[in-house]
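First up is the structure itself, then whatever we jot down about it.
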Amino acid sequence: MTSDVERYDPTSFEPAHAQRWHDERTYSRSDLGGEGFYALTMFPYPSGDLHMGHAEIFSIHDAMVRHLRMTGRRVLNPIGWDAFGLPAENAARNRGADPKAWTYANIEEQRSTVVRLGYSFDWDRVLHTCDPEYYRWTQWLFVELFDAGLAYRREALVNWDPVDRTVLANEQVIDGRGERSGAVVQRIPRTQWFLRITDYADELLEGLDSIDWPDRVKNAQRNWIGRSEGAEVTFRVGDADGEEVLVYTTRPDTLHGATYFVFAPEHPIVADRMAADADYQAFVEEVASRSDVERVSGFGDDGDGRERGAGRAKRGLRLDFDVINPVTGASLPAYAADYVLMDYGTGAIMAVPAHDQRDLDFARQEGLPVRVVIQPSDGTELDETTMTEAYVGDGVTVNSGPYDGLDWRDTKERITADLQAKGVARATVNYRLRDWLVSRQRSWGPPIPVVHCPSCGEVPVPVEQLPVRLPDDLDFTVAGSPLDLHPTWKHDVACPSCDSEDAVRDVDTMDTFVDSSWYFLRFLDPTSVDEPWPVDVAGRWLPIDQYTGGVEHAVLHLLYSRFVVKAMRDRGRVDADEPFQALLNQGQVILGGAAMSKSKGNLVVPGEVYETYGADTLRGTMLFASAPEDDIDWADVSPAGMHKWLSRVWRLSVEHLARTDAGGLGDGDEGLAATLRRATAEAIVGASADYDGRKYNTAIAKMMTLTNAVLDATRDASRVPESAVHEALEALLPMLAPICPFITEELWGRFGYDTSIHLGGWPTADTSLLVDDEVEVVLQINGKVRGRITVAADADRDAMEAAAREALADQLTGEVRKVIVVPGKLVNLVVA
RNA sequence: GGCCCGGUGGCGGAGUAGGCAGACGCGAGGGCCUCAAAAGCCCUUGCCCUUCGGGGCGUGUGGGUUCGAAUCCCACCCGGGCUACCA
């Protein structure tokens, strides 16, 4: 079919609509009527322009938001920028950029792309975490936590980069080396600020049962919190001094199987006793030269080719004393070894090689004895001299004196009770979760609002003096913390408590995850100068109805935010137990099976797509490719195909308008009209259900089917049922609007409407068109399709069976033994 | 090692309170239109037979339950992700 009508040229009208939606604040009406819905998408980090991952998350989120708005919900849909962080500082160090100017330039670039792509955010609520108006309240949050006893300072072993002279986050240590300097990161003790997230360990665990999150994220948090039940048992050093040594074990039932004893290298008892021992000092130094990340998380190998994790080589040092087993009185040789960590449990373990793989590995390596105390219930005989795999399954206690013959679970219970009675053990619950280390020796972050006074100690800065501002003249060329080395900043303060001039500011800043742990609260009133957020408004909007973002934050941002909300609830600032009621983890955009990256040269950027095909095509391609949770391989998808469909929608619309301008809304062919009206009703019912289930790919498929139906109805120019075509298009356009907002807005105007399609309603189906008098029924013999017949829709079982027997009469060879009838669907004759 | 996803045409994917497998699209082949092309439109497209009526086989593999299994159960294979010396 040829036509002289105007061609689909999205770049001719998209930018104008985008700008108008932004300038007129089309979507800043969250105070309108309707049931409230807080929709949030993880705010971007401004490291450069928007990438395809951003485009995907925003396209999914925006389709959901626009659909909710059109179906009558009052949607709160804010956006901001997570604008503090290391890349700005690195740009300053490496290229001499001003971190503030660098950050705001990137924000502006991203903002204009977000506007251009038509994402319907509320532009009256924008925030940047690096604005003093924002970090003032991040500092307030810190003071609140400090007042609640949830922020404290203590010495800890941290990742120290000796070249850049700064502490690094675990994420900034790659293969044991600083990501910037390449220097081997050391473990050094340093006094740092922590937030007491462990106070909420149990509640953070239990709360997972009440929220609608993907299982993998919940499991990641469960594993991260790492609750375990066991016992703390008191051992004693086997010499005249005889200090007590606490051991945490989840298997007190294997106490009789302990054959040696291991301390973490830095354990105080060892450090104290071995202070003068040169071998020990060398050992500790060697262990410390390997980062905690390498030791605990196992990044890289040890240079000896061993795997990460449990199979790694273990380094140990025999100490010159023994430890006494409180149950047996046996003298256990003591070791310091790197496979025991100071900050889990008590930093010391009883080693039971027969029933713990790590202990067995070390025992074999050091030639230490193995003693079996649990005999496998399946009858397998364990051989102490040759076994290389520890037995950790069910079994019966052996070699354990009075406990012999008991099931291991009973032994565990009894032995714990017996030792508790003797005062040398108590049942305990242990967590893997550690307190959150939040201080950073960085300068593009919110300064920790504390003053250190020689007489008053740690004094929080009074709220009315916040924010503690970052100086504008930081020198990023210094080796070390620019804030610490600034000539005047840290001394230009008096103690808020006693006015002492000898007080100094805390020179650390907060982790960026503190900024993002509460931003969703600030969105409730981002310009307020009186309070961080209005308590009553928070009561109405929290928890957030739908949060959308990447799974990479499973145990970081998503855990920290839960902690902050619970802490603020306990301070009376929030009336909610959880921040995010529902969570959607969108898939990633990859290319040719691999993550996109500049260095790999396989980068597709949104600009290439929307400048060629328009923003609607970019958005539609992403949503049609797969379900929101699935990854999209850009090599497999077809923007050209999406563009072709949108061109067809465009052409059918403008041709229809041209015809009706000339001849009005004639009824055309009755049969064609009826077929099209039915297709319209089917599409509305189907696509609406898909939208409700956020299955945008199948919603698009149903809209394509409707488009094909319109095409069929308009093929013969002499019989076009214009009124039915009009109804079809006036249903199609609103349904397409959440996904492709531009073409639908443009055509809506051409259909004669002077209000935005996006603020209008959702189409409703005439379901009476979907009721059939007759239905097609599948006929089966022994479960195989052997024919189909048409019967009255309300035919009963007997009628269907009779019709089936008649239709299949000449195919029936044996006796019909059984008949299965599914009304309105199927008849299955079972033949002997 | 632990946890979590997946495995359906050449490709992306539809379809699971068990009931017509492959919706929709991409790609491919053929045709119309055109001087030609682009665009657009029409037809075909899981595999194998076929006398063109149709028949057989098909959802990672092997079992099982059932009148009937992509869907439920058991065992296994493969791919991906997260996590890991956590005592």
Side-chain angles (χ1 to χ4, degrees), chain A residues 1-3 7 214-220 222-224 226-228 230 247-251 254 262 264 295-298 307-314 337-341 343-352 355-359 361-362 392 430-434 551-552 554-555 585 587-588 593 621 624-627 629-642 644-645 647-648 651 686 690 695 697-705 707-708 711 715 776-785 787-788 816-822 825-831:
Chain A
M1 187 184 294
T2 57
S3 169
R7 304 232 343 217
D215 283 341
R216 60 175 169 161
V217 178
K218 288 193 191 184
N219 280 328
R222 285 193 187 105
N223 293 337
W224 191 262
R227 185 181 196 273
S228 69
V247 158
Y248 173 73
T249 178
T250 55
R251 295 297 301 273
T254 61
V262 189
R295 281 174 65 202
V296 178
S297 304
E307 296 285 310
R308 56 191 287 189
R312 287 155 53 90
K314 293 169 175 46
D338 62 351
Y339 80 95
V340 172
L341 309 174
D343 48 4
Y344 183 78
T346 59
I349 64 156
M350 62 167 191
V352 186
H355 305 293
D356 182 286
Q357 190 61 45
R358 295 152 298 166
D359 293 343
D361 291 343
F362 191 74
V392 295
N430 199 46
Y431 298 92
R432 230 186 64 128
L433 184 69
R434 320 285 162 76
V551 71
E552 66 272 17
V555 290
N585 289 131
Q588 297 197 307
T621 302
F624 186 52
S626 62
E629 297 82 359
D630 296 338
D631 286 352
I632 296 173
D633 193 330
W634 201 252
D636 292 334
V637 300
S638 173
M642 177 55 52
K644 183 172 155 187
W645 174 54
S647 300
R648 195 177 276 187
R651 200 189 71 238
D690 288 342
K695 302 178 73 172
N697 52 339
T698 52
I700 291 170
K702 277 151 195 161
M703 289 187 263
M704 286 175 166
T705 302
T707 309
N708 292 339
L711 202 57
R715 190 157 289 132
E776 191 178 58
V777 168
V778 173
L779 305 181
Q780 297 180 339
I781 296 174
N782 289 344
K784 288 192 181 293
V785 179
R788 46 200 70 188
V816 175
R817 287 189 358 202
K818 190 171 177 182
V819 179
I820 312 288
V821 178
V822 182
K825 269 190 165 174
L826 166 149
V827 180
N828 183 19
L829 303 180
V830 184
V831 179

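The chains referred to below are lettered A, B, ... by the order of the sequence lines, with proteins before strands, and numbering in each begins at 1.
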With respect to the phosphate group of B:rC41, does any side-chain polar atom (N or O) of A:Arg648 fall under 4.0 Å of OP1 or OP2? yes
Less than 3.5 Å apart, any donor N or O on the side chain of A:Asn223 or A:Arg432 sitting next to an acceptor on the other? no
Taking for A:Asp636 and for A:Asp356 the nucleotide of RNA chain B with the nearest heavy atom, the one nearer the 5' end belongs to A:Asp636
_Taking only the C1' atom of each, what is the distance from B:rU8 to B:rG58 in whole angstrom?_
10 Å
*asked:* Any side-chain N or O of A:Asn697 below 4.0 angstrom from OP1/OP2 of B:rA14?
replied: yes
To the nearest angstrom, the CH2-P distance between A:Trp645 and B:rG25 comes to 10 Å
When rounded to whole Å, the NZ to P distance for the pair A:Lys702 and B:rC24 reads 11 Å
_Ring of A:Phe362, cation from A:Lys314 - is the NZ or CZ under 6.0 Å from the centre and inside 45° of the axis?_
no
- Determine the interatomic distance between P on B:rU51 and the same-named atom on B:rC43; round to the nearest Å. 27 Å
message: Give me the distance, rounded to whole Å, that separates B:rA14 from B:rG7 when you measure between the C1' atoms they each carry.
response: 16 Å
Paired to B:rA28 by Watson-Crick or G-U wobble criteria (both distances under 3.5 Å) is B:rU44
Using the C1' atom as the point on both nucleotides, what is the distance between B:rU16 and B:rG68, in whole Å?
15 Å
Are side-chain N/O atoms of A:Arg216 and A:Asn219 paired as donor and acceptor at under 3.5 Å? no
key: Whole-Å P distance, B:rA38 and B:rG30   = 13 Å
Here the distance between atom C1' of B:rG2 and atom CZ of A:Arg432, to the nearest Å, is 11 Å
When rounded to whole Å, the CG to P distance for the pair A:Asn782 and B:rU66 reads 15 Å
Relative to its sugar, using the 90° cut-off around 0, the base of B:rG53 is syn
### A:Arg222 side chain near B:rU83 phosphate (N/O to OP1/OP2, under 4.0 Å)
no
Here the distance between atom P of B:rG40 and atom CZ of A:Arg7, to the nearest Å, is 8 Å
* So, A:Asn430 side chain and A:Ser228 main chain: donor-acceptor pair closer than 3.5 Å or not? -> no
Closest of B:rA87, B:rC24, B:rC4 to the A:Met704 side chain is B:rC24
Measuring only between side-chain heavy atoms, which start at C-beta, is A:Asn782 closer than 4.5 Å to A:Val830? yes
Note to self: Counting only side-chain nitrogens and oxygens, does A:Tyr344 get under 4.0 Å of the OP1 or OP2 atom of B:rA87?
What the structure shows: yes
Look at A:Lys818 and B:rC67 and indicate whether a side-chain polar atom (N or O) is within less than 4.0 Å of OP1 or OP2.
yes
Here the distance between atom P of B:rG13 and atom CD1 of A:Ile632, to the nearest Å, is 9 Å
Nearest heavy-atom contact between A:Ala625 and A:Val637 is CB-CG1, 3.5 Å
**Study point:** Interatomic distance at C1', B:rG80 relative to B:rG31, whole Å
**Key:** 43 Å
Exercise. Remember a base hit wins even if backbone is also touched, and classify A:Ala625 as base, sugar-phosphate or nothing at under 4.0 Å, heavy atoms.
Key: sugar-phosphate
Exercise. Is any N or O donor-acceptor pair between the side chain of A:Arg434 and the base of B:rC86 shorter than 3.5 Å?
Worked result: yes
For a 4.5 angstrom cut-off between non-hydrogen side-chain atoms, does A:Asp631 reach A:Asp633?
no
Among the nucleotides B:rC3, B:rC67, B:rC24, whichever has the atom closest to the side chain of A:Val830 is B:rC67
Re B:rA17: Watson-Crick or G-U wobble partner, both distances kept under 3.5 Å, found to be none
- Task: Would you indicate what A:Val637 reaches in the nucleic acid, counting non-hydrogen atoms under 4.0 angstrom: base, sugar-phosphate, or nothing?
- Result: nothing
With the side chain defined as heavy atoms from C-beta on, A:Thr698 is closest, among B:rC42, B:rA23, B:rG19, to B:rA23
Between CG of A:Leu826 and C1' of B:rU66 the distance, given in whole Å, is 14 Å
Considering only heavy side-chain atoms of A:Lys644, the closest of B:rC4, B:rC26, B:rG19 is B:rC26
Separation of the P atoms in B:rA23 and B:rG46, to the nearest angstrom: 8 Å
B:rU51 -> Watson-Crick or G-U wobble partner, both distances under 3.5 Å, gives none
Between the CZ atom in A:Arg251 and the CE atom in A:Met350, the distance rounded to the nearest 0.5 Å is 9.0 Å
What does A:Gln780 touch in the nucleic acid at a heavy-atom separation under 4.0 angstrom: a base, only the sugar-phosphate, or nothing? base
TODO: For A:Asn708, answer base if it contacts any base atom (sugar-phosphate contacts may also be present), sugar-phosphate if it contacts only those atoms, and nothing otherwise; contact means non-hydrogen atoms under 4.0 Å.
DONE: sugar-phosphate
In whole angstroms, the gap separating C1' of B:rC42 from CG of A:Leu711 amounts to 11 Å
- prompt: When the P atoms of B:rG15 and B:rC67 are considered, how many whole Å apart are they?
  reply: 28 Å
Please determine whether any donor N or O and acceptor N or O are separated by less than 3.5 Å between the side chain of A:Gln357 and the base of B:rG1.
no
The glycosidic conformation of B:rG25, counting syn as within 90° of 0 and anti otherwise, is anti
In Watson-Crick or G-U wobble terms, with both distances under 3.5 Å, the base opposite B:rC3 is B:rG81
Testing B:rA87, B:rG25, B:rC20 for proximity to the side chain of A:Phe624, the answer is B:rG25
When both distances are under 3.5 Å in a Watson-Crick or G-U wobble arrangement, the nucleotide paired with B:rA69 is none
message: Please determine whether any donor N or O and acceptor N or O are separated by less than 3.5 Å between the side chain of A:Asn828 and the base of B:rC67.
response: yes
Per nearest nucleotide of RNA chain B, the residue lying toward the 5' end, A:Val822 or A:Lys695, is A:Lys695
- Query: Is a side-chain N or O of A:Asn828 found less than 3.5 angstrom from the main chain of A:Gly783, in a donor-acceptor match?
  - Reply: yes
